[in-house]
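Hydrogens, waters and symmetry mates are skipped; everything else that's a heavy atom, side chains included, is used. Letters A, B, ... mirror the listed sequences (proteins, then strands); counts begin at 1. Everything quoted here is computed from the prediction, not taken from an experiment.
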4 protein chains.
Amino acid sequence: MPTVTWSRLGGERRAAVVAAAEAEFAEHGFSRGSLNVIARRAGVAKGSLFQYFADKRDLYAHITDVGSQRVRSYMEDQIRVLDPGRPFFEFLTDLLDVWVAYFAEHPRERALHAASSFEVDTDARVSVRAVVHRHYLEVLRPLVHDARERGDLRADADVDALLSLLLMLLPHLALAPYVRGMDPVLGLDEMSAEQPALVVRRYVAVLAAAFGRSALSAPQTLPTGNLGGEHAYD
Amino acid sequence: MPTVTWSRLGGERRAAVVAAAEAEFAEHGFSRGSLNVIARRAGVAKGSLFQYFADKRDLYAHITDVGSQRVRSYMEDQIRVLDPGRPFFEFLTDLLDVWVAYFAEHPRERALHAASSFEVDTDARVSVRAVVHRHYLEVLRPLVHDARERGDLRADADVDALLSLLLMLLPHLALAPYVRGMDPVLGLDEMSAEQPALVVRRYVAVLAAAFGRSALSAPQTLPTGNLGGEHAYD
Amino acid sequence: MPTVTWSRLGGERRAAVVAAAEAEFAEHGFSRGSLNVIARRAGVAKGSLFQYFADKRDLYAHITDVGSQRVRSYMEDQIRVLDPGRPFFEFLTDLLDVWVAYFAEHPRERALHAASSFEVDTDARVSVRAVVHRHYLEVLRPLVHDARERGDLRADADVDALLSLLLMLLPHLALAPYVRGMDPVLGLDEMSAEQPALVVRRYVAVLAAAFGRSALSAPQTLPTGNLGGEHAYD
Amino acid sequence: MPTVTWSRLGGERRAAVVAAAEAEFAEHGFSRGSLNVIARRAGVAKGSLFQYFADKRDLYAHITDVGSQRVRSYMEDQIRVLDPGRPFFEFLTDLLDVWVAYFAEHPRERALHAASSFEVDTDARVSVRAVVHRHYLEVLRPLVHDARERGDLRADADVDALLSLLLMLLPHLALAPYVRGMDPVLGLDEMSAEQPALVVRRYVAVLAAAFGRSALSAPQTLPTGNLGGEHAYD
DNA sequence: CATGAATGAGCTTTCATTCAT
DNA sequence: GATGAATGAAAGCTCATTCAT
């Protein structure tokens, strides 16, 4: 946790440190990220960093926390806009589209997300992933539960298995388009504009078939024709 | 790629280098793994490593390749034993059980797998994951295709989506039981002996519901009662 | 020397600073002791330390002074109890026993003593040793002079040589039982309960032979039989 | 222990490293001595030091070892010159004169000796003192034993107590003339040319009285009149 | 008189790679 | 083909002291 010194710090200095640290950790991850570089870029003395944070890991945790909250806030806003009361898989499709678009447009957010996913240092990775997972679940769990309440999910649907899969799919969708080789099957990493939207629909189709109210509601054909338009599942 | 010098090398020396490098990379990953240590443990001169491999990454790639092939060979043997001609999701359950057991019993293999999954160095990670993914797919694709041919998969099943999900599930099942926080929903990291088998069945149930021949074949209840015994899906 | 600000300070605050500084310097010595830590433990601002003392060394000198005075007071009390009018070497034996016991029972005192003895920083060490030596001498010199007056010392005894040796023996006896390798001959550092008492008697025997009234009074055998009991020298 | 690399090293490079390290450690002791400075002064890369020595302490131990052996060799030569077969306390007086003179003329040797005596780092100090003490004892013990055999010591002399005192007196005589406050009684630190010789005689007189063959042989007057000339004890 | 934020030089150790032998 | 000495940048972190508030 940041020190009290950090909490009393002027906004400008704080912003400089956060920006420098985000950039560095996004670029090189925790283990490879350099405090020297962060201090230099932020225009503060190296020692000052240790007045604000207990150590490197503390700084990293803070940066990740801030970043996660930013993403979460954005997504929660979007969730309201997209109307979570709609048929679940239709809503989920839109949500994932937004998710993909957000990371497409925010390279630094994406880099931070990647850095935390691939961190070698087990403790650093574990503690950061814990934060990220918590945010994910606090947002997703109510959505999924409401969907089941509403009857959008099959009565015996394994809700936790759904959440578990979403926890794998979300980072995958955010990062795969920018990391060569991460998705050698569906080709998310082949840069074509509609690729991600298509993949989103294929994944959602799977989830709908597995967890949706009735097997009959599963799409008979891939909905490639109306990307971003109306949805077939309801 | 290893140099010609490496290919002309005596088997003993080669084995020593491979063993030392595997141990080191398993323990510390690529970025943190030390060539100093590898050379010392292998009993060869530091300079010799550079006669055999272009650089550190080249050595790492080779080690991963060798490791992947070892895992693949083992799994291919097991596939024959398990009879791939059986009903697909029943077979898949057994296969994943074997997979989980293999990594449970081979900590170094698991460590190498983890090291490659969490490598910070993007290029190193990408090239290594490419190799691993290739092995995965060369084994899984025929299995899945045969299953569809046999009619174990629904006619319109999105085979590539299935493969894509398996590519996420396999590393997850191998590592999550040993990496705190990797699975905060299904609790793979809570050490209880049946946990992995149970989770395997939950994931397979999802896949069966999504890709299986008929929605009717989806399990009505979680098959927790017959872990490792007979299977309900066919 | 402490500033006037220090002298005007409330007793509680002063005590907190002294306690924190003693603990820190006892643990790590002057060079390694940290003002940061002292300020934190004392619950005062780092800057305040510089309002009370000119610099680190000034604080250290003060702490040593306070500590020395505490030891001196204790020893002066004991001297009265032990009756300094008794035959000198008998009295000295008891005195050294008390001395050894005091440091055995007061680890912090011992640590402070050790810290000042082994300080690398020459100036710090010199000024601190000067204080300690002054205390030693102000206590010992009257004792030794009285002994000569009474005739317990040989008429031509080199009193200053005796004091000089005592100045070496006192720290040695206090510390050697706790510092490996400090006494490789008499084995003070081999932890056995009677060891120090035995060594005290051997040293006193030497001093008695060298400075005692008559050569005839020198012990013919080592007085190992009556540790802590009656004494042979008089 | 130095590495094999060190043992294979060219004499010039080795000499440069040793010289630089001696100078630095003499000046600042182990804890404060800087490897940065040593490498720079020696004209070698910082990393090279770690090819030659396991770590800082290893280098320090080597430097101290070399230094101790140098002093020991010199003293052993002098012992032969001074004729150890002479009456012991006469011989000892000359020996201590030589000892004092050696450190007077070799400031770096003296500084190294001081550095090892006052080192804060317990482990470093202990291991170094162990080496020094070993050298001391290997030289002194035979001399003292021969003296007793010859009858120069009283039959019941506590030989180990004598050695123990010599182990305190030797560093004291070497360093006290150059360290203010180290000897506030006999005034070794007051720079006057005959002072050390005088003090040597006072200490020897004490030892002679305590351990010499007969109390009658103890000097009746301090032999201040013939410093460096003939000796009164025999 | 008290505070505590800021400083930046300083520390030891590790590392992949080069290249003369 | 094998060797291993040499390199020097880079790392995270600590510290006594200053000084504006």
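- The outermost nucleotides of DNA chain F lying under 4.0 Å from heavy atoms of chain A, listed 5' to 3', are F:dA11 to F:dT14.
- Using a 30° and 60° split on the angle between ring planes, D:Phe30 and D:Tyr60 fall in the tilted class, from 30° to 60°.
- Salt bridge status for A:Glu27 with A:Arg41: present, with a side-chain N to carboxylate O gap under 4.0 Å.
- Side-chain contact of B:Ser127 with B:Arg57: a donor-acceptor pair under 3.5 Å is absent, judged by distance alone.
- Residue B:Ser48 is in base contact, counting any heavy-atom pair closer than 4.0 Å across all strands shown.
- Dashed line: the shortest gap from a side-chain N or O of D:Lys56 to OP1 or OP2 of E:dT12 is under 4.0 Å.
- Judged by distance alone, the side chains of D:Ser31 and D:Glu119 do bring a donor and an acceptor atom under 3.5 Å apart.
- Taking the six-membered ring for Trp and thresholds of 30 and 60 degrees, C:Trp6 and C:His62 have ring planes more than 60 degrees apart, a perpendicular arrangement.
- As a whole-Å value, the separation of D:Gln51 CD from E:dT14 C1' is 11 Å.
- Contacts with DNA chain F (heavy atom under 4.0 Å) in residues 5-26 of chain B: B:Thr5, B:Arg8, B:Leu9, B:Arg13, listed by number.
- The residue among B:Arg57 and A:Asn36 whose nearest nucleotide of DNA chain E is located toward the 5' end is A:Asn36.
- Among the protein residues, C:Gly33 comes within range of the sugar-phosphate backbone only, with heavy atoms under 4.0 Å from sugar or phosphate atoms but none that close to a base.
- With a cut-off of 3.5 Å on both Watson-Crick or G-U wobble distances, the partner of F:dG4 is given as E:dC19.
- Among the atoms of the strands shown, only primed sugar atoms or phosphate atoms (P, OP1, OP2) are found under 4.0 Å from some heavy atom of C:Tyr52.
- From D:Phe50, atom CZ reaches atom NZ of D:Lys56 across 9.5 Å, with rounding to the nearest 0.5 Å.
- Taking atom CZ of D:Phe50 as the reference point, atom P of E:dT12 lies 7 Å away to the nearest angstrom.
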